[in-house]
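Below is one structure, written out as structure tokens; the observations come after it.
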Amino acid sequence: MRLLIVEDEQRLALSLARGLRAEGYAVDVVHDGLEGLHRAGEGAYDLVLLDIMLPGMNGYRVCATLRAAGNEVPILMLTAKDGEYDEAEGLDTGADDYLTKPFSYVVLVARVKALLRRRGRSAAPVLRVGALAVDQGARRVERDGTEVALTAKEFAVLEQLALRAGEVVSKAEILEHVWDFAYDGDVNIIEVYVSALRRKLGAGHIVTVRGAGYRLVAGA
Ligand code: CA
């Protein structure tokens, strides 16, 4: 899951990003409304955290412009405490939810998870591939009914494979959804995570398709 934070208060933006990364999300941060609009418009995001008072273009206009263009990415608006803007106005421009500053980090994470769940409701919240059950809401994995402890990043890599079980998923595609754009390292970092997943889940589940990527199968 990949999130975009559009917030010009740099300290707040960075602390949000740090916390959400610890939850296993890939997080990109921009500090300007226009840049936020361009990034969100690229379509690679599962959720956008959008401040209202922003340089370049305000959050309402960013949201309304995305919706007018048919972009349905879930948007969580971050509103100012003094209420200079009406919460209802934020929702009218197409935001899915709003959070009034200052908010607790715990509440933010709960809202983010709820929005991501709501979005995925049409799909099964638990992805089943053979003996594996990948629970996207709870961020946990079971093999034959027994929980397998994964790091947040390992889970995120497995989730990308499970979302397209049976298909070949390239390293670049995994990287795009699991790592943020600040990551400029080697795409082969994915191999490290796949090795860890094979060690924990058993070797038969993740098949290497040489030169193309990986495929999650029901396995042995
Ligand atoms: Ca602001």
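Note that ligands are numbered from 1 as they come in the structure, with each ligand's atoms numbered from 1 the same way.
- With hydrogens and angles disregarded, no donor-acceptor distance shorter than 3.5 Å links the side chain of H177 to the backbone of R2.
- Atom CZ of R61 sits in a sparse spot, with 12 or fewer heavy atoms from other residues, nucleotides or ligands closer than 6.0 Å.
- More than 12 heavy atoms of other residues, nucleotides or ligands sit less than 6.0 Å from atom CZ of R164.
- The CD atom of E142 sits 8.0 Å away from atom CZ of R128, with the distance rounded to the nearest 0.5 Å.
- The shortest side-chain heavy-atom distance between D51 and D8 falls under the 4.5 Å cut-off.
- In this structure, R215 contributes its side chain and T208 its backbone to no donor-acceptor pair below 3.5 Å.
- Around the Ca ion (ligand 1), the protein N, O or S atoms closer than 3.0 Å are D8 OD1, D51 OD2, M53 O, listed by chain and residue number.
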